[in-house]
Structure formats: C-alpha cells, structure tokens
Amino acid sequence: MNAANVKLPGFTLIELLSSMVIGSMILLAAAVVLGSSGESYERVSGGVSAEREGRAVIQVLTSDLSSAVFHKDGVLEESSGAWPADRIGFLSLQPEQAQTEERRIGDLCAVSYYIKELSIGGKTERCLMRGFRESKETFEALGGGQVATLFTGRPDVDEPVAFGVVSFEARPKSRDTAGRWVDWVANDVRAPEALEVRLVIARRSLAGRLKSAADWNGPLLGNAGDADRNEELEIYSTLIRYGNHEQP
C-alpha cells in the first residue's frame, strides 16, 4: 500500500474557526458571570459593613442615653439642613471601667455626639463623633457653672464611632396626656422622655466616590427626600429612651 495515499485524521479550517468562536463565547459568558458575582458581592459586603456601623452606633448611643441625667445646659441642637447634622450633649452615669484611674472621681460623666468631616488617607470622611468627658472634668465644670463647655468638640479627645455618615438626627420626644409621642417642648425642668434617632450611612460603593467635603454636600448623595429609595444608603431609625424622666 502506498503511504502517500493514506489520509491522516485532523480538523478542517472551518472546524477550527468554529471551535475558537464557541470557546470565545464560553469565556465571555464566564467573564460576565464572574463580573456580576463580584458586583453582587461588593453590594452585599458594602451593605453588611454599613449595617454593622449603624447597629454599633445605636447600641452605644442607647447605653449612654439609658443613664442620661437631665441638665438645663445640655445640648439638643436640631439641624435644618437637607441632610441633618444634629448635635446632642448630656450628662450620663458611666461605669468605672469607662473611665481612667486618674480622671475618675465619681460616675457622672458628659457625653456628646456630632458630625465632623475628617481627613483620612487623603480623602474626606464624614464621621459621627462621640465626645466623652470623665467625672473629674465633669464635676469641675459643674462646680464652675461651665457645663456647656463639656459638649464642645475636642479633636484630641473625641473619637469617631461611625464612618460614612450622611446625616444624623436626634429629636427629643415626650408623651402627651393620651400617651402619644410628640415633640418635646424645651424647658429647664422636665427632660425629654426619648430621642427619635435617624442615622443615614453611605454604603461602601457610594462612600468610595465621596472624596471631598464638596462631594459630601453635593449631588452624589441624591435627593434627601428619596433616601429611603436610594440603594446606596442604609437608614436606621429608632426611639431611644432618655434615662432621667418622670414618666415611663
């Protein structure tokens, strides 16, 4: 038999081209699926991160307010901005372990919460700050009639308790004669019975695009009235008891 007449098995050019096209389509589909999975993971992890921040703030704030002691020079300052930045300051009974040995002479301390923009890693981050003044400083201010100074922000002492905070509302409430929650009427005698707190936190996908103070006050946040429908925002609302009030 003549070896020249033997036909070896192989692929035609059309078959090779068809295989390459099919392979490319499979790779493209895999890339799309992986990209979609990555985006989904980022959305979920960003939401979990914001939720963790929000829950942690509510827990700390609830602990501070549960032992709040009303004083006429406390701060309940409401912001009128589209994205509110309220400020609160109150006296609070704190356990010994919350204070340092050299600054502790009792359990009455001063606590404040306010929003501040910090420069972190070359970008501006809007944070919810917690100011804490230990009992020695608190009693000195009380004795000198300078309670209001306890609630002034101090960058060297105050610490951020949440990052990516778009807005913070803490509105004082009391009960009317029918037991309904209504806005508290400010006076020097009767404390509010609760604070209605609303915290809005930017998810990681949005916070990463907010690099300057202008961004935190610009169109990237969208309309404040549409915050509930904005998928890039996490909102936490709750009513927290104010510790020292006459009625439960």
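In this chain, numbering begins with 1 at the start of the sequence shown.
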Review point. For the side chain of K211 and the backbone of G208, is there at least one donor-acceptor N/O pair under 3.5 Å apart?
Key: yes
Review point. Do the side-chain N and O atoms of D64 and Q94 include a donor-acceptor pair separated by under 3.5 angstrom?
Key: yes
Review point. So which of R204, R203, R209 actually passes salt bridge (Lys or Arg N to Asp or Glu O under 4.0 Å) with E232?
Key: R209
**Study point:** Pair R126-N217, side-chain donor/acceptor within less than 3.5 Å
**Key:** yes
Review point. Is there a donor-acceptor pair under 3.5 Å between the side chain of S112 and the backbone N or O of G89?
Key: no
Practice item. Group every Ile, Leu, Val, Met, Phe, Trp and Tyr by side-chain heavy-atom contacts under 4.5 Å, then state whether V60 and F163 land in the same group. Key: no
Exercise for review: Verify whether one side chain among S92 and S67 offers a donor that lies under 3.5 Å from an acceptor in the other.
Suggested key: yes
Practice item. Find out if a path of hydrophobic residues (ILVMFWY) with successive side-chain heavy-atom gaps under 4.5 Å connects L118 to L128. Key: no
Check your understanding: Nearest 0.5 Å, what's the CZ-CZ distance between R171 and R198?
Key -> 10.0 Å
Review point. Does any donor atom in the side chain of Y114 or D86 lie under 3.5 Å from an acceptor atom in the other side chain?
Key: no
Review point. Hey, is K173 close enough to E193 for a salt bridge, meaning N to O under 4.0 Å?
Key: no
Exercise for review: Please state whether the rings of F70 and Y242 are parallel, tilted or perpendicular, taking 30° and 60° as the class boundaries.
Suggested key: perpendicular
